[in-house]
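Below is one structure, written out as structure tokens; comments come after it.
Only this structure's heavy atoms are used, side chains among them; waters, hydrogens and symmetry mates stay out.
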Amino acid sequence: NVNTEHGDFVFNADRLIRLVIEEALNVLPTCNKTVYTPKDLPYHGKAFLKGNCGVSVVRSGEAMEKSLRQCCRSIRIGKMLVRHEDEDLQKPAKVIYVKLPKDIAERNVLLMYPLMNSGGTIHRSIRELKKNAVPEDRITICTLFVTPNSVNTVLDDFPGVRILTTEVNDDCVLHFGERYFGTDK
């Protein structure tokens, strides 16, 4: 709703982000682990395998970092700034800045970006990850809203990636980061 107050927008966005992040964590590889309760009883559960990280696509992807940190306190998070020339979504996106963990090629990557309208930004981000030797099957896109076209654009070229979202709709809200961070006024 365009009339939603900033605080309500952030609250609801954070709830959706948390759901997507938690689902993304459910698809990461685990191993069996036994821990002992205070009464010295064994509890058999699961633990994440080492080698997971997040990569936020600046700026709106940074809104998703808080939820990832709340679930995985010490997880490494890389950053990538990808821009379209003059907001023209028809031109290819360009990578302006990249800071990734040195061993990213051995990690499972949660690629965080709330909106996939055309798919161009995520498409370029995946190309950058692949340039850094990250296999497609280790990339999970965490997003809130996607268009069918953006999903097709990404999966046509990168069929091994996984996309987790809350909604697929032809009408994708633009400028999420501006609304989320309160710079839309």
Side-chain angles (χ1 to χ4, degrees), residues 1-25 52-72 75-101 104 109-129 132 134 139-155 158 161-185:
N1 182 337
V2 294
N3 297 322
T4 302
E5 296 290 326
H6 177 257
D8 291 336
F9 181 85
V10 170
F11 175 80
N12 288 304
D14 283 344
R15 291 206 9 101
L16 290 174
I17 290 166
R18 180 67 178 252
L19 291 170
V20 169
I21 293 297
E22 287 180 359
E23 187 58 32
L25 295 174
N52 301 314
C53 73
V55 173
S56 63
V57 180
V58 176
R59 167 169 126 133
S60 60
E62 292 173 311
M64 303 178 88
E65 290 179 14
K66 178 181 169 188
S67 288
L68 181 57
R69 285 254 188 250
Q70 288 173 336
C71 295
C72 300
I75 195 165
R76 290 187 182 180
I77 298 179
K79 295 195 184 275
M80 196 178 305
L81 175 59
V82 179
R83 288 275 188 239
H84 284 276
E85 296 283 327
D86 302 321
E87 299 296 320
D88 183 356
L89 298 180
Q90 301 306 316
K91 292 182 181 177
K94 291 184 179 180
V95 175
I96 309 298
Y97 172 82
V98 178
K99 180 69 173 168
L100 303 171
I104 195 157
V109 178
L110 301 180
L111 183 58
M112 301 177 289
Y113 191 62
L115 302 176
M116 280 180 31
N117 191 31
S118 70
T121 300
I122 284 294
H123 192 280
R124 185 62 187 94
S125 300
I126 294 169
R127 282 187 23 223
E128 188 67 26
L129 289 172
N132 283 273
V134 178
I139 301 171
T140 300
I141 300 166
C142 302
T143 186
L144 299 183
F145 308 107
V146 299
T147 63
N149 181 53
S150 68
V151 172
N152 292 333
T153 297
V154 170
L155 293 181
F158 309 110
V161 302
R162 181 182 291 125
I163 300 173
L164 298 176
T165 188
T166 61
E167 184 176 356
V168 179
N169 195 320
D170 287 321
D171 185 26
C172 196
V173 177
L174 296 177
H175 308 294
F176 175 89
E178 291 174 3
R179 290 231 28 217
Y180 186 89
F181 293 112
T183 58
D184 57 336
K185 303 278 186 225

- Note on the structure: Interatomic distance, CG@N169 vs CG@N117, rounded to 0.5 Å, equals 10.5 Å
- Pairing residues for K94 by the side chain to side chain donor-acceptor pair (under 3.5 Å) criterion, not counting sequence neighbours: E85
- Query: With a 4.5 Å limit on heavy-atom distance, are the side chains of V55 and I104 in contact?
  - Reply: yes
- Side-chain heavy-atom pair D170, P148 within 4.5 angstrom cut-off: yes
- Query: When rounded to the nearest 0.5 angstrom, what is the spacing between OG1 in T121 and CE in M80?
  - Reply: 11.0 Å
- What is the minimum heavy-atom distance between F145 and T165, and which atoms define it? N-OG1, 3.6 Å
- Query: Of all residues at least two apart in sequence or in a different chain, which pass the salt bridge (Lys or Arg N to Asp or Glu O under 4.0 Å) check with R15?
  - Reply: none
- Task: Take E128 and V98 through the side-chain contact (heavy atoms from CB on, under 4.5 Å) test and state the conclusion after the steps.
- Result: CA-CA 9 Å; E128 188 67 26; V98 178; 3.8 Å; yes
- Note on the structure: Heavy atoms of G120 and A93 approach each other most closely as O-CB, 4.0 Å
- Task: For L164 and E23, work out which heavy atoms get closest and say how close.
- Result: CD1-C, 3.9 Å
- Message: Consider side chain to side chain contact (heavy atoms under 4.5 Å, CB included). Of R124, R127, R83, which one does V95 pass it with?
- Response: R124
- Message: Which residues pass the salt bridge (Lys or Arg N to Asp or Glu O under 4.0 Å) test with E65, not counting sequence neighbours?
- Response: K79
- Task: Could you pull out all residues at least two apart from T147 that satisfy side chain to side chain donor-acceptor pair (under 3.5 Å)?
- Result: S150
- Query: CG/L100 to SG/C53 distance, rounded to the nearest 0.5 angstrom?
  - Reply: 7.5 Å
- Query: Atom CG of N52 and atom CZ of R76: how far apart are they, to the nearest 0.5 Å?
  - Reply: 12.0 Å
- Item | Heavy atoms of other groups near F11 CZ, more than 12 under 6.0 Å | no
- Any chance you could lay out the side-chain contact (heavy atoms from CB on, under 4.5 Å) test for L144 and E167, step after step, and finish with the verdict? CA-CA 6 Å; L144 299 183; E167 184 176 356; over 6 Å; no
- Query: Are Y97 and V82 side-chain neighbours, meaning at least one heavy-atom pair lies under 4.5 Å?
  - Reply: no
- Task: Output all residues satisfying side-chain contact (heavy atoms from CB on, under 4.5 Å) with I163, sequence neighbours left out; order by chain, then residue number.
- Result: M116, I141, T143, V151, V154, L155
- Message: R59: which residues meet the side chain to side chain donor-acceptor pair (under 3.5 Å) condition with it, sequence neighbours left out?
- Response: T183
- Message: Any heavy-atom pair between the side chains of L25 and L68 that's under 4.5 Å?
- Response: yes
- Would you please name every residue forming a side-chain contact (heavy atoms from CB on, under 4.5 Å) with S60, sequence neighbours left out? Y113, P114, F176
- Query: Would you say I139 and V134 make side-chain contact, with heavy atoms under 4.5 Å?
  - Reply: yes
- Atom of C142, atom of L110 and distance for their closest heavy-atom approach: SG-CB, 4.1 Å
- Provide the full list of side chain to side chain donor-acceptor pair (under 3.5 Å) pairs with a residue in residues 3-14, sequence neighbours left out, each pair given once. D14-Y180
- Message: The criterion is side-chain contact (heavy atoms from CB on, under 4.5 Å); which residues satisfy it with R18, sequence neighbours excluded?
- Response: E22, S67, Q70, C71
- Message: Can you give me the closest heavy-atom contact between V57 and S125, atom names plus distance?
- Response: CG2-OG, 3.6 Å
- Message: Please enumerate all residues that pass side chain to side chain donor-acceptor pair (under 3.5 Å) together with N132, with sequence neighbours excluded.
- Response: none
- Once you round to the nearest 0.5 Å, how far does CZ of R162 lie from OG1 of T140? 4.5 Å
